[in-house]
2 protein chains.
Amino acid sequence: MALAHAIMTALLEDERSGYELARDFETSLGFFWQASHQQIYQELRKLTERGWLDKREVRQRGRPNKMVYGLTAAGHAGLAQWVFAKTRTQAAKDELLVKLYNLSADNASHLAGEIGERRAQMMHLLYLYEKIRRRHYSAPAALPTRHKGVYLALTLGIRQGEQFLAWCDEALALLASVAAR
Amino acid sequence: MALAHAIMTALLEDERSGYELARDFETSLGFFWQASHQQIYQELRKLTERGWLDKREVRQRGRPNKMVYGLTAAGHAGLAQWVFAKTRTQAAKDELLVKLYNLSADNASHLAGEIGERRAQMMHLLYLYEKIRRRHYSAPAALPTRHKGVYLALTLGIRQGEQFLAWCDEALALLASVAAR
DNA sequence: ACTAACATGTAACCCGTTACATGATTAT
DNA sequence: ATAATCATGTAACGGGTTACATGTTAGT
């Protein structure tokens with residue numbers, strides 16, 4: 001049931017189309033919750049049927065028309081209530097760590113390659129995080145309450161990301177010493 | 001396809017029954033990959049049919065007999081090959097962070113409560129990690145290669161966990177300042 | 001003509017979760 | 001008796017992924 005509420009969260013400030021939501025789920029909120037456009041369109045239909053969203057067509061010039069969705073009063077209420085529901089603890093699953101349990105001289109350089117890739121991806125992500133932090137969250141104490149929550153999420157992302165980079169370096173050093181040449 | 005390989009990874013050193021595997025997936029390998037007994041029994045059947053595992057019955061006194069599963073040569077080979085396959089990047093999904101995007105004076109103390117719970121869970125997990133590290137990984141340089149991989153996974157778990165604790169404290173401080181009284 | 005970005009959907013499949021089910025043995 | 005631990009399964013459901021599908025407009 002979390003996808004529905006993630007979508008509504010994304011609609012808290014502006015109304016948006018399915019296409020725009022799909023794009024948002026690749027950044028911003030998407031740092032902490034991902035969804036494909038196939039999921040999103042399905043969920044938008046369900047949420048509209050349930051009366052939590054309403055939609056209207058927006059005519060555009062120079063591109064196809066779009067349907068934009070916004071929260072109804074019922075949607076706002078449902079979202080606010082959801083925050084108070086008990087959160088199921090998140091499962092940390094990572095295939096790469098399972099692979100590390102199979103470390104051998106043979107596969108060490110392959111695993112180092114994969115960790116190197118992850119490291120590069122994380123560098124890119126941290127760059128995006130930092131850009132957002134500098135632009136929108138440079139004075140956290142002055143933020144409106146809701147944005148302080150976003151700031152906290154962002155802070156966790158940055159800290160965990162930096163920690164991950166440091167771990168990658170340690171792992172790469174150890175793997176280099178283990179690899180067959 | 002990761003569950004199958006996680007199970008085989010758990011069988012690398014000893015053969016085990018479904019029940020024992022289910023228990024293991026609550027600790028050790030289970031720190032990085034979880035599975036319920038329902039999943040495990042299904043997967044054991046499939047893996048046996050595929051010829052990657054074989055099973056034999058072990059008669060026990062004082063408790064029900066059990067079926068123990070072990071890797072076949074084909075299973076070993078399949079597992080070794082899997083390590084070289086490209087790992088799909090892991091999605092970080094956390095409902096609690098999405099909830100933080102909905103922070104308000106009303107829900108701040110509830111969210112603080114949930115973060116406090118997470119903090120306590122992580123403390124417990126770190127305690128388990130540390131116990132294992134002290135017992136089995138106090139001299140990482142002397143470990144056999146495969147265990148060095150396990151050590152790396154454990155190290156990541158510990159570092160991320162400690163980082164998470166620090167973040168919880170920061171978050172709790174901010175939430176306290178926001179909460180309505 | 002072709003590519004890229006905009007825009008929206010359906011269908012099949014796989015995997016994980018929840019619920020349901022059964023039965024042995026030991027300890028209280 | 002009854003609870004706890006050991007031990008093994010089936011079935012239904014729901015959510016996420018992959019594949020399939022279509023159509024517009026702008027730019028090269």
Side-chain angles (χ1 to χ4, degrees), chain A residues 1-8 15-27 29-30 32-50 53 55-69 82 86-95 98, chain B residues 1-7 15-27 29-30 32-50 53 55-69 82 85-95 98:
Chain A
M1 191 115 312
L3 174 61
H5 296 94
I7 288 175
M8 290 195 286
E15 48 183 23
R16 279 179 164 71
S17 69
Y19 188 81
E20 289 162 340
L21 282 166
R23 232 183 20 202
D24 287 356
F25 274 104
E26 284 164 14
T27 53
L29 225 204
F32 313 110
W33 201 271
Q34 300 82 39
S36 63
H37 78 272
Q38 292 93 330
Q39 270 182 286
I40 289 166
Y41 286 116
Q42 292 282 354
E43 201 63 44
L44 286 173
R45 186 174 50 71
K46 287 184 206 162
L47 283 168
T48 307
E49 281 167 11
R50 211 182 301 172
L53 298 182
K55 59 176 175 179
R56 62 187 183 81
E57 191 171 16
V58 173
R59 300 221 178 122
Q60 299 188 111
R61 287 176 309 167
R63 55 181 67 179
N65 294 344
K66 63 183 175 182
M67 296 294 303
V68 298
Y69 295 81
W82 168 73
K86 194 154 184 300
T87 309
R88 62 172 195 281
T89 306
Q90 206 54 29
K93 278 192 176 182
D94 197 332
E95 223 172 293
V98 177
Chain B
M1 194 113 313
L3 173 61
H5 296 95
I7 288 175
E15 47 183 22
R16 278 179 164 72
S17 69
Y19 188 81
E20 290 162 340
L21 283 166
R23 232 182 21 201
D24 288 357
F25 274 104
E26 283 164 14
T27 53
L29 224 205
F32 313 110
W33 200 269
Q34 300 80 39
S36 63
H37 77 271
Q38 292 93 330
Q39 270 182 287
I40 289 166
Y41 286 115
Q42 291 283 352
E43 201 63 44
L44 286 173
R45 187 174 50 71
K46 287 184 206 162
L47 283 167
T48 308
E49 281 168 10
R50 213 183 298 172
L53 298 182
K55 59 175 174 180
R56 60 186 184 84
E57 191 171 15
V58 173
R59 299 216 179 127
Q60 299 188 112
R61 288 177 306 166
R63 54 182 66 180
N65 294 344
K66 61 183 176 182
M67 296 293 306
V68 299
Y69 295 81
W82 169 73
K86 196 155 181 299
T87 308
R88 61 174 197 280
T89 305
Q90 206 52 31
K93 279 192 176 182
D94 197 332
E95 224 173 293
V98 177

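Only this structure's heavy atoms are used, side chains among them; waters, hydrogens and symmetry mates stay out. In what follows, every chain begins at residue 1, and chains take the letters A, B, ... in the order their sequences are listed.
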(message) Check this for me: does any side-chain nitrogen of one of B:E15 and B:R56 sit under 4.0 Å from a carboxylate oxygen of the other?
(response) yes
(request) Could you check A:G62 against A:W33 and say which one's nearest nucleotide on DNA chain D is further toward the 5' end? (result) A:W33
(message) Which nucleotide wins on minimum distance to the side chain of A:K93, given the candidates D:dA7, C:dG16, C:dT8?
(response) C:dG16
(message) I want to verify a distance call: between D:dT18, C:dT17, C:dA19, whose nearest atom is closest to the A:Q38 side chain?
(response) D:dT18
(request) Could you please name the option among C:dT10, D:dG16, C:dT17 that lies closest to any side-chain atom of A:L3? (result) D:dG16
(message) Using whole Å, what does the distance between atom P of nucleotide C:dG16 and atom CD of A:E95 come to?
(response) 10 Å
(request) Could you check how far CZ of B:R59 sits from C1' of C:dA24, rounded to whole Å? (result) 15 Å
(message) Please compare A:R88 and A:Q60 by the position of their nearest nucleotide in DNA chain C and report the one closer to 5'.
(response) A:Q60
(request) Report the C-alpha separation of A:L53 and A:M8 in whole Å, then their side-chain angles, then the decisive distance to 0.1 Å, and conclude whether the side-chain contact (heavy atoms from CB on, under 4.5 Å) test is met. (result) CA-CA 8 Å; A:L53 298 182; A:M8 290 195 286; 4.2 Å; yes
(request) Starting at atom CD of B:E26, determine the distance to atom C1' of D:dT5, rounded to an integer number of angstrom. (result) 13 Å
(message) Output the rounded distance in Å from CG (A:N65) to C1' (C:dC6).
(response) 11 Å
(request) Report the distance from atom CD of A:E20 to atom C1' of C:dA7, rounded to the nearest whole Å. (result) 10 Å
(message) Between B:E95 and A:R88 (salt bridge meaning N to carboxylate O under 4.0 Å), is one present in this structure?
(response) yes
(message) When you measure from the side-chain N and O atoms of A:Q39 to the phosphate of D:dT17, is any distance below 4.0 Å, counting only OP1 and OP2?
(response) yes
(request) Output yes when at least one side-chain N/O atom of A:Y19 is less than 4.0 Å from OP1 or OP2 of C:dT8, else no. (result) no
(request) Provide, to the nearest angstrom, the distance between the OH atom belonging to B:Y69 and the P atom belonging to D:dA7. (result) 13 Å
(message) Nearest heavy atom decides the nucleotide; on that basis, is B:V68 or A:A35 closer to the 5' end of DNA chain D?
(response) B:V68
(message) Can you tell me which nucleotide in C:dC6, C:dG23, D:dG15 comes closest to the side chain of A:M1?
(response) D:dG15
(message) Whether B:Y41 contacts D:dT8 is assessed here as follows: a side-chain N or O lying under 4.0 Å from the phosphate OP1 or OP2. Is that the case?
(response) yes
(request) Write down the distance between CG (B:L21) and C1' (D:dG9), rounded to a whole number of angstrom. (result) 15 Å
(request) Could you tell me the separation between the CE atom of B:M67 and the C1' atom of D:dT8, rounded to a whole number of Å? (result) 11 Å
(request) Would you please test A:Q60 and A:R63 for side chain to side chain donor-acceptor pair (under 3.5 Å) and show each step? (result) CA-CA 6 Å; A:Q60 299 188 111; A:R63 55 181 67 179; 4.6 Å; no
(request) Verify side-chain contact (heavy atoms from CB on, under 4.5 Å) between A:D94 and A:V98, making sure each step is shown before the conclusion. (result) CA-CA 7 Å; A:D94 197 332; A:V98 177; over 6 Å; no
